[in-house]
Number of protein chains: 2
Amino acid sequence: MSLRYAVMAALLEGEASGYDLAKGFDASVANFWMATPQQLYKELDKMRAEGLVQARVIQQERRPNKRLFSLTEAGRRVLRDFTAVPPRPGAIRDELMIKVQAVDAGDAEAVRAAVEERMVWAQAKIARYERLRARLLNGRSEEEYLSRSERVGPYLTLMRGLAFERENHHWGEWALAVLEQRSAATT
Amino acid sequence: MSLRYAVMAALLEGEASGYDLAKGFDASVANFWMATPQQLYKELDKMRAEGLVQARVIQQERRPNKRLFSLTEAGRRVLRDFTAVPPRPGAIRDELMIKVQAVDAGDAEAVRAAVEERMVWAQAKIARYERLRARLLNGRSEEEYLSRSERVGPYLTLMRGLAFERENHHWGEWALAVLEQRSAATT
DNA sequence: AGGCACATGTAAAAGGTTACATGATTGG
DNA sequence: CCAATCATGTAACCTTTTACATGTGCCT
């Protein structure tokens, strides 16, 4: 039921197609509420039927036509009401952590490799977030940016994502060291 | 589909009832794969039918009887196989972040209050994790604990949860400061 | 020639949430 | 006396995932 609000929050940045949203055209929302393309296309249809968004069809010649969605006034109102309601607690689902939890009864080498791969991903995400941050700041200091820009929400969530991935990476390096020492001891 | 593996990982700590699991009797697993009691009772039944766990009924006089579940050998094997498969990427779902993202077009005061309340929760979780950590370490240093204890998995995931909540709290304090400065400027 | 990017969708299956249902005991 | 804890479950509903389906253009 929250997917639609995530979509509306993303549309505050401007028009987007289902495809854009699916790719996480707005990196920040997608990082706290991921969705598959199928989910998005369906939800966007429902939202249009309810008048929360409007679609504008772009005719294309060498590509499939696309529909660009934007928020309607009704959508803005609904989104505003949503922000006023207390949020439910967040949920994390991470298979890797289940594997780490079970590492002592499992395949330690495979778990170690999985942690390592996750760290590569984390690095890539950090780099992406940092590029996005530089783009937003555009040479200004954070203080200046925060006091002058129209919106602060996207910056706040971006920094949350960045902090999360940095922490993740930090933890991973430590966990790898622990696991390596373990396997050295067992050998 | 991963719920069962989370359950099995939790059962590595020893026997537990559905009720125990629902409360997150093992704080660490529950923090990366939450589930409602209903989900657990159903899954435990299915797992027993498949021979992954076994149940032992405890007759009680002043309380409803309970069923204590434990891993079978087949369960252990399945769990081990699971650790050898590459995990899918983790997912976070957090309504609060959607609200923060939309704060500039929403009810800023309500969002601020929501962040504040989340920080209270984060504090509580940090305290809980720290107590759990102290209980595990039991006076020993981390280094000593990691080199001597049979299992390291639960400690690794516990530290991940702790780092996550600390980071969360840190971000929240900063976000509150940003939001307050904003509302002061608008007033 | 093969694979990815673009761009959309349908349908079925699996998984997760919410409401309902029971009922004694303990603590404030 | 009211709320919480213990302890289990069913049923209905909603959400999410996965598989299938289509077709062009661009890059290597």
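What's counted below: heavy atoms across the whole structure, side chains too, no hydrogens, waters or symmetry copies. Numbered from 1 within each chain, the chains take letters A, B, ... in sequence-line order.
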Over how many whole Å does the gap from [X] atom [atom1] to [N] atom [atom2] extend?
X: A:R67; N: C:dC6; atom1: CZ; atom2: P; answer: 18 Å
X: A:L3; N: C:dG16; atom1: CG; atom2: C1'; answer: 15 Å
X: A:L68; N: C:dC6; atom1: CG; atom2: P; answer: 14 Å
X: A:K46; N: C:dT10; atom1: NZ; atom2: P; answer: 13 Å
X: B:W33; N: C:dG16; atom1: CH2; atom2: C1'; answer: 11 Å
X: A:L40; N: C:dT8; atom1: CG; atom2: P; answer: 11 Å
X: A:K66; N: C:dC6; atom1: NZ; atom2: C1'; answer: 9 Å
X: A:I58; N: C:dA7; atom1: CD1; atom2: P; answer: 10 Å

Do the side-chain N and O atoms of [X] and [Y] include a donor-acceptor pair separated by under 3.5 angstrom?
X: A:Q60; Y: A:N65; value: no
X: B:Q54; Y: B:T72; value: no
X: B:S28; Y: B:N31; value: no

- Note on the structure: 5'-most to 3'-most nt of DNA chain D touching chain B (<4.0 Å, heavy-atom partner on protein side) reads D:dT5 to D:dT18

- Message: Using the salt bridge (charged side-chain N to carboxylate O under 4.0 Å, His left out) criterion, which residues pair with A:R56? Sequence neighbours excluded.
- Response: A:E15

With a 4.0 Å cut-off, would you call [X] and [Y] a salt bridge?
X: B:E144; Y: B:R148; answer: yes
X: B:R118; Y: B:D94; answer: yes
X: B:E130; Y: B:R133; answer: no
X: B:R112; Y: B:D107; answer: no

- Note on the structure: Walking DNA chain D from its 5' end, the first of A:M1 and B:R88 to be reached, judged by nearest nucleotide, is A:M1

- Query: Heavy atoms under 4.0 Å, any strand shown: does B:R4 hit a base, just sugar-phosphate, or nothing?
  - Reply: nothing

- Query: When we call it a touch if two heavy atoms are under 4.0 Å apart, what does A:N65 touch: a base, just sugar-phosphate, or nothing?
  - Reply: sugar-phosphate

- Message: Suppose the criterion is ring pair (Phe, Tyr, Trp, His ring centres under 6.0 Å): which pairs have a residue in residues 28-69 of chain A, not counting sequence neighbours?
- Response: none

Could you grab the distance from atom [atom1] of [X] to atom [atom2] of [Y], nearest 0.5 Å is fine?
X: B:E167; Y: A:W171; atom1: CD; atom2: CH2; answer: 15.5 Å
X: B:W121; Y: B:H169; atom1: CH2; atom2: NE2; answer: 14.5 Å
X: A:L44; Y: A:Q39; atom1: CG; atom2: CD; answer: 11.0 Å
X: A:Q123; Y: A:R128; atom1: CD; atom2: CZ; answer: 15.0 Å

- Item | Proximity to DNA chain D (any heavy atom under 4.0 Å), residues of residues 9-18 of chain B only | B:S17, B:G18

- So how far off straight is the helix from C:dA1-D:dT28 to C:dG28-D:dC1, going by the axes through five pairs at either end, to 10°? 60°

- Geometric class of the A:Y155/A:Y145 ring pair [parallel <30°, tilted 30-60°, perpendicular >60°]: tilted

- Task: Spell out protein contact along nucleotides 21-28 of chain C as letters: B when the base is contacted, S when just the sugar-phosphate is, - when no protein heavy atom is under 4.0 Å; keep the 5' to 3' order.
- Result: --B-S---

